[in-house]
Amino acid sequence: MENKKIEEVKELLQNDLKQMDDLKVLNDLKVKYLGKTGIITELNSEIKNIPNEDKKEFGMKVNELRTMFNDYYEETRNKIEENILNEKLSREKIDISLPGVKIPSGAPSILEKLIEEVEEVFMSMGYDVVDGPEIEEDKYNFEMLNIPKGHPARDAQDTFYIEGEEILLRSQTSPVQVRTMLEGKGEKPVRIICPGKTYRRDDDDATHSHQFMQIEGLVVDKNISMSDLKGTLDVLFKKLFGEDTETRFHPSYYQFTEPSVEVDITCHKCHGKGCGMCKNSGWITVVGAGIVHPNVLKMSGYDPSVWTGFAFGFGADRLAMLKYGIDSCRVLYNTDLRESVVFDRKEKE
């Protein structure tokens, strides 16, 4: 009786596995035969009802049935998976004789393009590009830059304060310079530029915005002089505006440099002859700079009798406007593609 039942299950199994071409159906079949209430599982549970002298033979036949199912299952599953793969490969084959599909690609924004140009120039001179937090502490943004509490220069920058007068949105990227000098512990030379976003309550006209990109540079070493500063800026502006670009210094005042200078470059539009862009002077002021103030060096751990340095800073937005002939800095952050087309046309002309 038991042998007949096993033969019936075997025949049923062979019929079920014929023409099998679907993985889901195959998995359902596995549940049907080997699940908790599966046909082979139930046969195995009936062994307790078999006379002792027949149990061994019955158990062997059930195990043979289980092995047969597993062999059939694996073989059938492999065939189905192979067929699926072959069908997929056939469907997705590539005809290399067909012309390629043109994939439109983006390009850096005007501002990003200029910042990358500046970074490349300075990296070629051995500078590191570093960044720092945009939410700053007052001591890094002002105090360690020789601007103590109550100093009128704080009012001129009209800062965005977040928590009292201690936490603020940085009004310049100079805090990055301070943090880098502190890391040097008064022992290591520094040669960095630090581009990044800065924030001031300053959006009175088309050339100003409450948020703008600033690029500052700092060199601290032994025997650094004003001529090193001029030579560095000469290289930068010749790369950006052409080899005929000249620079000139005239005295200025900044709290963190002494002496301080403003840097002019010859107008790249009229080449120094005078035009509307340079207000007929032939020169355009682009950078504030100077020799690092001894107090700034001292507060950052550098002995001013041993170490000297220079620092400079300029608005990347303004430089981009000059380089590409843009009238309003708002264009740099505009997402209207129609204005981008106008800019592209102007650049090509």
Side-chain angles (χ1 to χ4, degrees), residues 109-112 114-115 118-119 129-181 192-218 233 252-258 260-265 284-290 292-293 295-296 299-300 310-324 326-335:
S109 68
I110 303 164
L111 191 54
E112 183 182 349
L114 179 118
I115 292 171
V118 173
E119 288 177 348
V129 179
V130 298
D131 58 11
E134 293 177 27
I135 298 177
E136 259 298 358
E137 297 179 43
D138 178 275
K139 69 174 182 178
Y140 295 120
N141 196 78
F142 289 123
E143 291 186 32
M144 296 191 71
L145 291 168
N146 204 33
I147 311 176
K149 282 182 168 57
H151 196 286
R154 291 180 177 236
D155 297 331
Q157 294 197 7
D158 209 0
T159 308
F160 288 100
Y161 286 95
I162 298 175
E163 293 182 11
E165 294 186 356
E166 297 303 320
I167 306 298
L168 48 87
L169 291 177
R170 67 182 182 190
S171 58
Q172 53 207 352
T173 53
S174 303
V176 182
Q177 300 178 358
V178 173
R179 290 175 178 273
T180 304
M181 284 193 286
I192 63 168
I193 61 163
C194 34
K197 293 179 183 177
T198 53
Y199 305 86
R200 297 181 191 176
R201 299 179 188 272
D202 187 6
D203 55 359
D204 296 333
D205 56 51
T207 63
H208 293 82
S209 171
H210 64 278
Q211 179 258 301
F212 57 97
M213 293 294 292
Q214 192 175 49
I215 302 177
E216 294 196 24
L218 172 70
L233 296 178
S252 187
Y253 172 74
Y254 302 106
Q255 300 76 29
F256 27 81
T257 52
E258 180 59 40
S260 303
V261 294
E262 284 190 339
V263 184
D264 300 340
I265 61 171
I284 300 174
T285 302
V286 289
V287 179
V292 180
H293 198 291
N295 289 347
V296 175
M299 284 187 282
S300 297
F310 64 74
F312 59 86
F314 53 85
D317 309 57
R318 173 167 163 72
L319 215 59
M321 290 169 64
L322 290 173
K323 183 174 174 66
Y324 297 111
I326 300 171
D327 298 326
S328 171
C329 67
R330 292 173 177 84
V331 172
L332 301 174
Y333 302 97
N334 198 343
T335 56

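Looking at L169 and I162, their side chains come closer than 4.5 Å, going by heavy atoms from C-beta outward. Within the 4.5 Å cutoff, no side-chain heavy atoms of L114 are placed close to those of E119.
Separation of atoms CZ (F142) and CZ (F256) is listed at 10.0 Å; rounding is to 0.5 Å. To the nearest 0.5 angstrom, I167 atom CD1 is 8.5 Å from D138 atom CG. The CG atom of L233 sits 6.0 Å away from atom CZ of F312, with the distance rounded to the nearest 0.5 Å. Atoms CG and CD, on L319 and Q214 in that order, are 12.0 Å from each other to the nearest 0.5 Å. For the atom pair CG (N146) and CE (M144), the distance works out to 11.0 Å, reported to the nearest 0.5 Å. Summarising the geometry, atom CG belonging to N295 is positioned 12.0 Å from atom CD belonging to Q255; distances are rounded to the nearest 0.5 Å.
Heavy atoms only, all atoms of each residue included: T285 and E262 are closest at CG2-OE1, 3.9 Å. Between G313 and V287, the shortest heavy-atom contact is O-CG1, 3.5 Å. The shortest heavy-atom contact between V296 and L145 is CG2-C, 3.9 Å. T173 approaches P195 most closely through the heavy-atom pair CG2-C, 4.4 Å. Contact detail for A320 and L111: the closest heavy-atom pair is CB-CD1, 4.4 Å. In this structure, V176 and C194 approach most closely via the heavy-atom pair CG1-CB, 3.8 Å.
With respect to the salt-bridge test (charged N to carboxylate O, under 4.0 angstrom), the residues R170 and E137 do not qualify.
Between the side chain of T257 and the main chain of H293, no donor-acceptor pair closer than 3.5 Å is present. The backbone N or O of T159 lies less than 3.5 Å from no partner atom in the side chain of S171, so there is not a single donor-acceptor pair. In this structure, the side chain of T198 engages the main chain of F212 through a donor-acceptor pair within 3.5 Å.
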Taking it one step at a time, do I215 and F314 satisfy side-chain contact (heavy atoms from CB on, under 4.5 Å)? CA-CA 6 Å; I215 302 177; F314 53 85; 3.8 Å; yes
Decide yes or no on side-chain contact (heavy atoms from CB on, under 4.5 Å) for Y199 and E134, but give the supporting numbers first. CA-CA 9 Å; Y199 305 86; E134 293 177 27; 2.5 Å; yes
Take I192 and V129 through the side-chain contact (heavy atoms from CB on, under 4.5 Å) test and state the conclusion after the steps. CA-CA 6 Å; I192 63 168; V129 179; over 6 Å; no
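For S174 and N141, the side-chain atoms include no donor-acceptor pair closer than 3.5 Å. Between the side chains of Q172 and E216, no donor N or O sits under 3.5 Å from an acceptor N or O.
Judged by the 6.0 Å distance and 45° axis criteria, R179 is positioned over the aromatic ring of Y140.
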